[in-house]
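Here is the structure we will look at.
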Amino acid sequence: MKPRLSSQTLKVLDAFLEAPKEWRYGYDISRDTGLKSGTLYPILMRLAERGLLDTSWETVEAGKPPRHLYQLTPDGLQFAREHRRSRAAGLRRTALGEAKG
Amino acid sequence: MFAARRSAVRRLATRLLGLVLCCAPRHCETWAGAMLRELDFIEGDWAALFWALGSVAAIFRHCGRELLRTGFRRQEEAGMKETGKNVAWVFLGVVLAALLVVCAMGLFHLAAHFYPPMFQSVPWPTWVVVFLVPEILFVVGTVRLWRKRRPMAVGILLAAVVFATHFVMHIVSHFRG
């Protein structure tokens with residue numbers, strides 16, 4: 001059985017699915033999803049703990065502080081896609097039900 | 001004025017996250033550091049402050065239990081280190097006092113070697129050299145060190161008490177005999 005995800009987690013997963021191969025900054029994800037740091041980072045931490053998210057420090061030239069980067073792992077990508085598919089199927093079923101009703 | 005206030009807000013945000021980074025348990029350090037780095041890229045000082053507050057909340061929520069445990073562990077470790085240091089200072093005080101007594105004894109034997117009649121006829125020079133002078137030095141040392149390095153002062157005082165007891169027992173047994 002799939003774990004129920006919060007709408008905020010689904011937003012974060014969707015943000016990653018928009019550019020699955022790209023490494024993302026925390027602040028950029030926050031802006032894209034509209035989530036505050038207090039909501040976003042616990043989600044990122046949980047995803048990373050479950051092996052669904054890769055984290056890395058940016059390599060930059062001297063004098064500029066590095067930033068933390070995030071990218072979904074292959075497992076994370078699969079997980080996010082499955083959730084997106086099942087959500088879409090759920091929405092279709094709801095729409096069909098409403099149309100019949 | 002306003003610019004200065006705005007920068008103060010950003011400074012507060014940076015300090016807040018910096019403080020959390022310092023106290024954070026190891027597995028949360030990376031995350032706290034990541035949130036701190038993002039601060040530089042947030043437009044608006046108040047937004048940066050709210051980012052910092054949210055980040056602190058996130059760290060406490062995720063790492064709070066571990067943070068408390070690690071905090072206590074660090075305190076315990078600091079306490080143990082402090083106890084170890086104190087014991088070392090007490091030990092040093094005792095060793096210094098013992099060295100002083102040994103020096104006094106050496107002085108006494110040297111004086112007895114050069115002028116034996118004085119020590120054979122009257123016992124008080126012995127008492128002065130071997131007991132009184134070291135005891136005075138112990139008391140002076142204890143008083144001077146009491147505020148600056150109390151454990152060492154305690155060590156000297158301990159040695160002084162032991163030495164005085166030993167001396168009194170020696171005198172009593174001498175007069176009885």
Side-chain angles (χ1 to χ4, degrees), chain A residues 3-16 18-19 22-73 76 79, chain B residues 5-74:
Chain A
R4 254 183 81 102
L5 297 179
S6 66
S7 62
Q8 291 95 335
T9 307
L10 293 171
K11 272 186 188 175
V12 173
L13 290 176
D14 281 345
F16 278 113
E18 279 171 23
E22 271 182 32
W23 286 91
R24 310 282 304 268
Y25 296 120
Y27 183 50
D28 291 348
I29 303 166
S30 166
R31 273 193 309 196
D32 290 351
T33 56
L35 298 175
K36 308 283 180 210
S37 58
T39 311
L40 173 67
Y41 276 96
I43 293 171
L44 294 179
M45 289 173 189
R46 275 199 299 273
L47 290 175
E49 272 175 7
R50 288 172 195 171
L52 302 174
L53 190 74
D54 262 340
T55 64
S56 167
W57 284 100
E58 189 181 34
T59 46
V60 287
E61 56 278 18
K64 199 178 156 198
R67 291 173 79 181
H68 213 210
L69 292 160
Y70 312 99
Q71 186 191 46
L72 285 179
T73 60
F79 179 81
Chain B
R5 207 177 69 200
R6 283 198 318 180
S7 66
V9 170
R10 190 173 280 272
R11 271 206 307 276
L12 176 69
T14 310
R15 276 189 194 158
L16 189 67
L17 265 180
L19 186 71
V20 171
L21 179 60
C22 283
C23 306
R26 278 205 189 103
H27 77 278
C28 283
E29 264 177 24
T30 309
W31 290 102
M35 295 173 204
L36 182 63
R37 293 279 171 268
E38 292 301 304
L39 265 186
D40 297 336
F41 300 90
I42 297 171
E43 292 154 12
D45 295 332
W46 287 103
L49 182 62
F50 286 124
W51 176 272
L53 288 172
S55 301
V56 171
I59 290 169
F60 270 93
R61 257 190 8 228
H62 193 76
C63 318
R65 207 171 293 161
E66 190 66 18
L67 186 74
L68 282 176
R69 218 169 37 214
T70 315
F72 285 129
R73 205 168 53 222
R74 278 183 193 168

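Treat the numbers as computed from the prediction; the structure is a model and nothing was measured.
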Under 4.5 Å between any side-chain heavy atoms of [X] and [Y], yes or no?
X	Y	value
E38(B)	Y41(A)	yes
L39(B)	Y27(A)	no
L44(A)	W31(B)	yes
S37(A)	M35(B)	no
W57(A)	R37(B)	yes

Requested in this report: Counting only heavy atoms closer than 4.5 Å, note whether E49(A) contacts chain B via side chain, backbone, both or neither.
Outcome: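 Only the side chain of E49(A) comes within 4.5 Å of chain B.
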
Query - Atom group of L69(A) that falls short of 4.5 Å from chain B, counting heavy atoms - result: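 Neither the backbone nor the side chain of L69(A) comes within 4.5 Å of chain B.
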
Requested in this report: Calculate, to the nearest 0.5 Å, the distance between atoms CZ and CD1 belonging to R31(A) and I42(B) respectively.
Outcome: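 Reported to 0.5 Å precision, the distance equals 9.5 Å.
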
Query raised in the report: Can you tell me how far the CD1 atom of I59(B) sits from the CE atom of M45(A), to the nearest 0.5 Å?
Result: 6.0 Å

Query raised in the report: Of the listed residues (S55(B), A57(B), G33(B)), which shares the most heavy-atom pairs with chain A below a 4.5 Å separation?
Result: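 Highest number of heavy-atom pairs under 4.5 Å: S55(B).
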
Report task. Without swapping roles, check the side chain of R61(B) against the backbone of G38(A) for a donor-acceptor pair under 3.5 Å. Result -> yes

